[in-house]
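The structure appears right after this line, and notes come after that.
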2 protein chains.
Amino acid sequence: MTQEQDQQPRGTRVRGTKQASALASALTSLPGFCSAQEIHAELRRRGETVGLTTVYRHLQVLSETGAVDTIRDPSGEILYRQCGSTVHHHHLTCRVCGSSVEVEGRAVEQWAEKVAAEAGFTAVDHTVELFGLCPGHSASPMEPPA
Amino acid sequence: MTQEQDQQPRGTRVRGTKQASALASALTSLPGFCSAQEIHAELRRRGETVGLTTVYRHLQVLSETGAVDTIRDPSGEILYRQCGSTVHHHHLTCRVCGSSVEVEGRAVEQWAEKVAAEAGFTAVDHTVELFGLCPGHSASPMEPPA
DNA sequence: CCGAGAATAAAAACGATTATCATTAACAGC
DNA sequence: GCTGTTAATGATAATCGTTTTTATTCTCGG
């Protein structure tokens with residue numbers, strides 16, 4: 001588990017980013033994608049006093065920077081996950097446990113560019129979300145054949 | 001939600017209400033994707049007395065039926081559009097005018113199935129949204145002196 | 001050490017969607 | 001054609017995630 005390790009109590013540190021590091025730490029510890037409010041709850045659970053506003057703002061900044069990756073839940077909720085690579089990619093997320101696998105989106109990007117070019121569209125942005133059942137949750141014996 | 005009683009219909013499943021036809025008519029007249037509230041506003045503009053609840057309910061039913069296609073705005077808002085084909089497909093939508101082009105998603109579906117199989121995932125559902133600038137709105141970075 | 005300025009956090013605002021429930025209207029039978 | 005049953009309707013309020021507001025706190029620079 002992660003225990004609060006006071007690295008720099010009060011001194012040489014980037015501008016008022018105690019909450020930022022706490023947020024980053026929480027993000028690292030959280031396994032898969034999770035909502036902003038879940039992250040906030042996790043921080044609160046740790047005893048960190050971080051406001052929901054700050055969580056949202058940092059998440060927004062981090063997503064713009066590319067430090068975290070954002071997807072959209074089927075219900076429209078935004079989920080965040082720490083993501084080191086800044087390149088564009090996609091995720092395959094388990095509906096049950098939330099674990100996600102980074103998948104290569106090269107084929108999709110090529111396809112997107114192709115269909116965009118054929119239609120004469122420019123500045124095309126694409127959103128691809130993949131949700132499924134991970135190997136550990138694929139076996140559903142309680143699902144009788146319809 | 002589980003009010004779907006697919007018992008053998010004696011004749012008509014849904015009652016021929018004028019709101020339903022008005023909604024269908026509005027959907028037909030509206031060019032591209034539009035939000036539920038825009039559709040409601042359009043109906044009101046026409047003088048039709050249709051409640052927002054009814055608009056949402058019909059839109060939901062229609063989307064389940066496949067009569068309308070739904071996408072998600074970058075802001076998370078759900079947009080609807082009349083769509084005759086019930087097969088799974090995707091859209092390339094202009095950010096400016098909202099016009100959309102149906103694009104063939106076969107390549108994406110194959111890709112999705114492939115990466116899902118490689119990761120051992122099952123029951124994978126994919127969401128693909130394409131937003132761009134249509135030929136008429138492809139503004140170059142340098143605004144030409146009009 | 002003090003001040004300027006940004007960052008923070010609590011609460012309220014906001015917007016889209018959904019649930020509630022009394023009322024209305026459609027369809028079928030008479 | 002009229003009436004009854006039953007589903008559909010629709011105004012309001014609730015819900016939920018997100019954004020904005022505003023006062024306060026804190027870091028940094030001088």
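In what follows, chains are A, B, ... by sequence order, proteins preceding strands, each numbered from 1.
In this structure, the CZ atom of R72(A) is 14 Å from the C1' atom of dC16(D), given to the nearest Å. Rounded to whole angstrom, the span from the CG atom of L59(A) across to the P atom of dG17(D) amounts to 15 Å. Regarding L23(B), its CG atom lies at a distance of 11 Å from the P atom of dG10(D), rounded to whole Å. One can place CD of Q60(A) at 18 Å from P of dG17(D), the figure rounded to the nearest angstrom.
Checked against dT18(C), dT17(C), dT9(D), the side chain of E77(B) finds its nearest nucleotide in dT17(C).
Every ring pair (Phe, Tyr, Trp, His ring centres under 6.0 Å) that H88(A) has, sequence neighbours left out, goes to H90(A), H126(A). Applying the salt bridge (Lys or Arg N to Asp or Glu O under 4.0 Å) criterion to R106(A), with sequence neighbours excluded, gives E104(A). Shown here are the salt bridge (Lys or Arg N to Asp or Glu O under 4.0 Å) partners of E109(B), two or more places apart in sequence or in another chain: there are none. Under the salt bridge (Lys or Arg N to Asp or Glu O under 4.0 Å) criterion, R46(B) pairs with E42(B), not counting sequence neighbours.
Residues of residues 34-53 of chain B having a heavy atom closer than 4.0 Å to DNA chain C, listed by number: Q37(B), T53(B).
The side chain of Y56(B) places no N or O atom within less than 4.0 Å of a non-bridging phosphate oxygen (OP1 or OP2) of dT18(C). Put simply, Q19(B) has a side-chain N or O that comes within less than 4.0 Å of OP1 or OP2 on dG10(D). Between H58(B) and dA8(D) there is no side-chain polar atom (N or O) within less than 4.0 angstrom of OP1 or OP2. Residue T17(B) places at least one side-chain N or O closer than 4.0 Å to OP1 or OP2 of dT9(D). Side-chain nitrogen and oxygen atoms of R57(A) include none within less than 4.0 Å of the OP1 or OP2 phosphate oxygen of dA7(C).
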Donor-acceptor list for residues 64-74 of chain A side chains, cut-off 3.5 Å, not counting sequence neighbours:
from: T65(A); atom 1: OG1; to: V61(A); atom 2: O; distance (Å): 2.7
from: D69(A); atom 1: OD2; to: H91(A); atom 2: ND1; distance (Å): 3.1
from: R72(A); atom 1: NH1; to: G76(A); atom 2: O; distance (Å): 3.0
from: R72(A); atom 1: NH2; to: P74(B); atom 2: O; distance (Å): 2.8
from: D73(A); atom 1: OD2; to: S75(A); atom 2: OG; distance (Å): 3.0

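Looking at Y80(B) and Q60(B), their side chains never bring a donor and an acceptor atom within 3.5 Å of each other.
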